[in-house]
Amino acid sequence: MKLIAVYPGTFDPITNGHLDIANRASLMFTRLIVGIAASEKKNPLFPLEKRVAMAEEVLAHLPNVEVKPFRGLLVNNMQQWDSTVIVRGLRAISDFEYEVQLAEVNKQLDARLETIFIAASNKYTFLSSSIVRDIAGNAGDVSDFVQPCVSNAFAERFS
Ligand code: ADP
C-alpha cells in the first residue's frame, strides 16, 4: 500500500526540530510531503519562496520527502496531494490543546483525514522557529538549532 503523508507548517524557518520530525516521519510513509503554508496572517520573516528553498536544501538527503508550498486551507491541498494523513510534532502540553483543536477541525472539514502526532525528541522540545528568530534577530548564534543554509539566510536577512 502506498501511504502519502503531509507534514504541514509555516517553517519560518525550518529548524533542527522540524528536520527531526520530517526524518522520523519519512521512515513511516512511502512519501512525505512537507507543506509550507503561505501563512500571510502570521507575517512571516522569510517569504514563502525562501522558506521552501531552505526546507528543500535541509531535506535534500531524504529521497522520499518533497517540499511543496500551499495557500489556503490544508484540507483542499490534501485532496490534491492524494493524502489523508497529516503529521504534526508535539513538543509540550502547551502544543497539545491547539494541535488537537486543529486536528478536530480538519476532521470536521474532511472526515477521511487523520492527524498523527510525533513526540518531539528530548533535545528539541524547547526549540521553535520563533525562538530561533529572536536569537538571530538579536545577533545570537543559531548554529546549534538550524542547518547552515538557514544560519546563512539569517545572516543575510539581518545584515
Ligand atoms: P505552524 O505555524 O503550523 O505551527 P510551525 O512551523 O511552527 O508551523 O510548526 C509545524 C509543526 O512542527 C507543528 O506541528 C509544530 O508543533 C512542529 N514543531 C515545531 N518545532 C518543533 C520541534 N522543535 N520539535 C518537534 N516538532 C516541532
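Every number for a ligand or one of its atoms is a count from 1 in the order of the listing. Since this is a predicted model, take the numbers as computed values, not measurements.
The contact set between ligand 1 and G9, taken as ligand atoms under 4.0 Å from a residue heavy atom, comprises 3 (O), 8 (O), 10 (C).
Distance from atom 16 (O) of ligand 1 to its nearest protein heavy atom, with residue and atom name: G89 O, 2.7 Å. The closest protein non-hydrogen atom to atom 12 (O) of ligand 1 is Y7 OH, 2.8 Å. Looking only at heavy atoms of the protein, atom 8 (O) of ligand 1 is closest to T10 N, 3.0 Å. Among protein heavy atoms, the minimum distance from atom 24 (N) of ligand 1 is reached at A120 CB, 3.5 Å. Among protein heavy atoms, the minimum distance from atom 20 (N) of ligand 1 is reached at R91 NH1, 3.3 Å. The nearest protein atom to atom 6 (O) of ligand 1, hydrogens excluded, is given as F11 N, 2.9 Å; this is a heavy-atom distance.
By the 4.5 Å heavy-atom criterion applied to side chains, V85 and I4 are not counted as neighbours.
Ligand 1 has no nitrogen or oxygen under 3.5 angstrom from a nitrogen or oxygen of P8. Residue-to-ligand polar distances place L127 within reach of ligand 1: an N/O pair is separated by less than 3.5 Å. For Y98, no nitrogen or oxygen atom sits less than 3.5 Å from a nitrogen or oxygen atom of ligand 1, counting backbone and side chain alike.
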Output, in order, the C-alpha distance, side-chain angles, deciding distance and verdict of ring-ring contact (aromatic ring centres under 6.0 Å, His included) for F145 and F126. CA-CA 10 Å; F145 312 128; F126 70 93; 5.8 Å; yes
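Judged by distance alone, the side chain of N138 and the main-chain N or O of G140 form no donor-acceptor pair under 3.5 Å. Remark: the backbone N or O of L73 is paired with a side-chain donor or acceptor of N77 at under 3.5 angstrom. Side-chain N or O atoms of T115 include none that pairs as donor or acceptor with a backbone N or O of I86 at under 3.5 Å.
When the heavy-atom distances from atom 13 (C) of ligand 1 to K123, H18, K42, R88 are ranked, the shortest goes to R88.
Under 4.0 Å is where a charged nitrogen must lie from a carboxylate oxygen, and between D12 and R133 at least one such pair does.
Between the side chains of S121 and D20, at least one donor-acceptor pair of N or O atoms lies under 3.5 Å.
Ring geometry for Y7 against F11 counts as perpendicular: the plane angle is over 60°, on a 0 to 90° scale with 30° as the lower cut.
Put simply, no part of T15 is less than 4.0 Å from ligand 1, judged by heavy atoms.
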